[in-house]
2 protein chains.
Amino acid sequence: MTDPTIAPSPSKPRPTKDRLIFAAANLFSERGYHGVGLAEILSQAQAPKGSLYHHFPNGKPDLALASATWASDQMLLLIAASFEPADSFTEGATTLCHKLAKLFDYTGKWSGCPVSSTLFEGPDNAPFQRHAAHLFEGWISEVKYHGQRLGFTEEDAATTAQSFYMLLQGGWQLARVRRDSDVIRALPALLKLGDTC
Amino acid sequence: MTDPTIAPSPSKPRPTKDRLIFAAANLFSERGYHGVGLAEILSQAQAPKGSLYHHFPNGKPDLALASATWASDQMLLLIAASFEPADSFTEGATTLCHKLAKLFDYTGKWSGCPVSSTLFEGPDNAPFQRHAAHLFEGWISEVKYHGQRLGFTEEDAATTAQSFYMLLQGGWQLARVRRDSDVIRALPALLKLGDTC
DNA sequence: ACCCTCCTAGACCGATCGGTCTACGACTCA
DNA sequence: TGAGTCGTAGACCGATCGGTCTAGGAGGGT
């Protein structure tokens with residue numbers, strides 16, 4: 001997600017393992033798992049090949065799993081930071097979309113969802129996609145949790161969270177091809193929430 | 001899109017160029033542009049390398065463009081076939097979602113959107129993504145056209161078509177990780193159309 | 001018969017891929 | 001100071017990548 005709030009702190013140099021995860025997440029988001037070679041990741045992370053295989057004994061697949069998980073955690077933090085101070089679901093959703101739109105602009109408008117870019121085309125599809133499913137369900141259930149907290153019935157919260165997820169994935173993709181983050185900003189208006197929001 | 005209605009006709013053998021496009025579209029959908037080597041495409045298309053570079057002098061990028069365009073055309077046909085006989089937008093959208101859900105099951109639940117899988121991670125991002133944008137806008141404007149035809153104002157048709165597009169992209173992706181086409185079948189209910197539908 | 005064009009056929013090439021391996025610096029603890 | 005551990009460093013490997021090249025089969029026109 002290349003969250004700017006998590007950007008490298010100048011004082012304490014990021015440890016090698018974290019640099020690898022960060023570089024991998026960014027590069028995979030832009031060009032996908034197979035579109036990025038180890039050489040490029042290593043050069044961007046300023047690390048030698050030995051370090052990679054020290055921290056990730058299984059090599060590229062391990063690194064991909066780790067970077068997707070890290071990116072997913074960033075997304076969960078973003079969801080929590082948006083919905084926790086909100087007084088209504090609509091407000092939380094709007095905040096989240098605005099944060100994501102800013103993030104989209106910040107990443108240069110070339111990146112896709114770091115989880116799907118990384119895990120949808122892995123070497124052996126099954127375990128990668130299972131992990132992607134696990135991460136995505138985490139996003140959805142986090143949103144659902146806030147929906148219930150903000151007054152939705154469980155059923156309403158579930159379908160709203162799922163719709164919101166789909167609109168976000170499709171919306172980010174459309175923003176990417178249009179190179180225009182307004183698509184993301186306009187999402188909350190499309191959710192057409194009931195009255196209880 | 002691996003549309004079963006366009007499946008190989010047993011009587012007349014598909015010409016080499018078409019076999020290449022068809023094989024490329026299927027493989028790219030599953031594992032993305034960089035995830036598939038020429039060798040695999042050639043073996044699946046039963047064609048030698050010379051034929052590929054005869055029909056597509058610029059090699060893999062040319063083939064990718066052609067296969068994404070072909071897949072997009074299949075999608076346009078599917079949209080038209082769903083909306084043309086429909087008496088309301090909701091009916092057309094429902095038909096389309098059911099057709100796509102069947103297609104999803106038919107492809108073995110491993111494939112992504114053939115356009116985004118092929119063009120989002122190409123060798124040189126800019127022209128590929130421009131082409132993807134062009135194809136996607138074609139889908140959206142086709143849906144918008146039917147929305148207007150079925151009684152929507154231009155503005156309503158535009159936002160509805162765009163929402164539908166995003167829900168479809170996000171929904172297909174969610175169906176893929178869940179390996180369950182019901183996500184796609186449930187989309188029309190989420191469109192929350194106005195009253196004029 | 002001949003040529004000419006269209007297309008098939010696959011050997012071959014350098015570049016790059018992911019992965020392995022050995023060597024060594026930095027630090028801790030005895 | 002010496003041993004042991006953790007992590008860095010990069011040379012090196014076979015496999016595979018996309019792409020080029022030459023040769024030849026099929027069929028029509030003359």
Side-chain angles (χ1 to χ4, degrees), chain A residues 8 12-28 30-68 117-128 131, chain B residues 8 12-28 30-68 117-128 131:
Chain A
K12 194 181 288 183
R14 195 186 287 259
T16 303
K17 186 173 184 179
D18 292 4
R19 290 202 317 275
L20 285 167
I21 290 177
F22 187 76
N26 288 335
L27 289 167
F28 286 151
E30 277 184 25
R31 295 203 304 282
Y33 180 84
H34 285 111
V36 182
L38 292 187
E40 197 174 352
I41 298 173
L42 294 170
S43 114
Q44 179 146 331
Q46 295 265 64
K49 198 169 272 193
S51 297
L52 197 167
Y53 281 89
H54 173 75
H55 294 290
F56 304 98
N58 290 327
K60 202 184 183 188
D62 258 23
L63 177 58
L65 267 295
S67 73
S117 297
T118 307
L119 299 181
F120 270 0
E121 43 154 289
D124 188 9
N125 271 342
F128 267 43
H131 193 65
Chain B
K12 193 182 288 183
R14 193 187 288 258
T16 303
K17 185 172 184 178
D18 292 4
R19 290 202 317 276
L20 285 168
I21 290 177
F22 186 76
N26 288 335
L27 289 168
F28 287 152
E30 277 184 25
R31 293 203 307 281
Y33 180 84
H34 285 111
V36 183
L38 292 186
E40 197 174 352
I41 297 173
L42 294 171
S43 114
Q44 178 145 331
Q46 294 265 65
K49 198 169 270 193
S51 297
L52 197 168
Y53 282 89
H54 173 76
H55 294 291
F56 304 96
N58 290 327
K60 203 185 184 188
D62 258 23
L63 177 58
L65 267 295
S67 73
S117 297
T118 307
L119 299 182
F120 270 179
E121 45 153 288
D124 187 9
N125 270 342
F128 268 43
H131 193 66

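Proteins come first, then strands; the chains are lettered A, B, ... in the order of their sequence lines, and each starts at number 1. Quick caveat, the model's predicted, so the values are computed rather than measured.
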Under 4.0 Å protein heavy-atom contact, by nucleotide of nucleotides 7-23 of chain D - B base, S sugar-phosphate only = BBBBB------BBB---

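- No more than 12 heavy atoms of other residues, nucleotides or ligands sit less than 6.0 Å from atom CD of B:Gln46.
- Looking at A:Arg14, its side chain never comes within 3.5 Å of a backbone N or O of A:Arg19 through a donor-acceptor pair.
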Side-chain donor-acceptor pairs under 3.5 Å in residues 53-63 of chain B, sequence neighbours left out?
| from | atom 1 | to | atom 2 | distance (Å) |
| --- | --- | --- | --- | --- |
| B:Lys60 | NZ | B:Tyr33 | O | 2.9 |
| B:Lys60 | NZ | B:Val36 | O | 2.9 |

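- Every side-chain contact (heavy atoms from CB on, under 4.5 Å) that A:His34 has, sequence neighbours left out, goes to A:Glu121, B:His34.
- Contact of the A:Phe28 side chain with the A:Leu119 side chain is not registered, since no non-hydrogen atoms from C-beta on lie closer than 4.5 Å.
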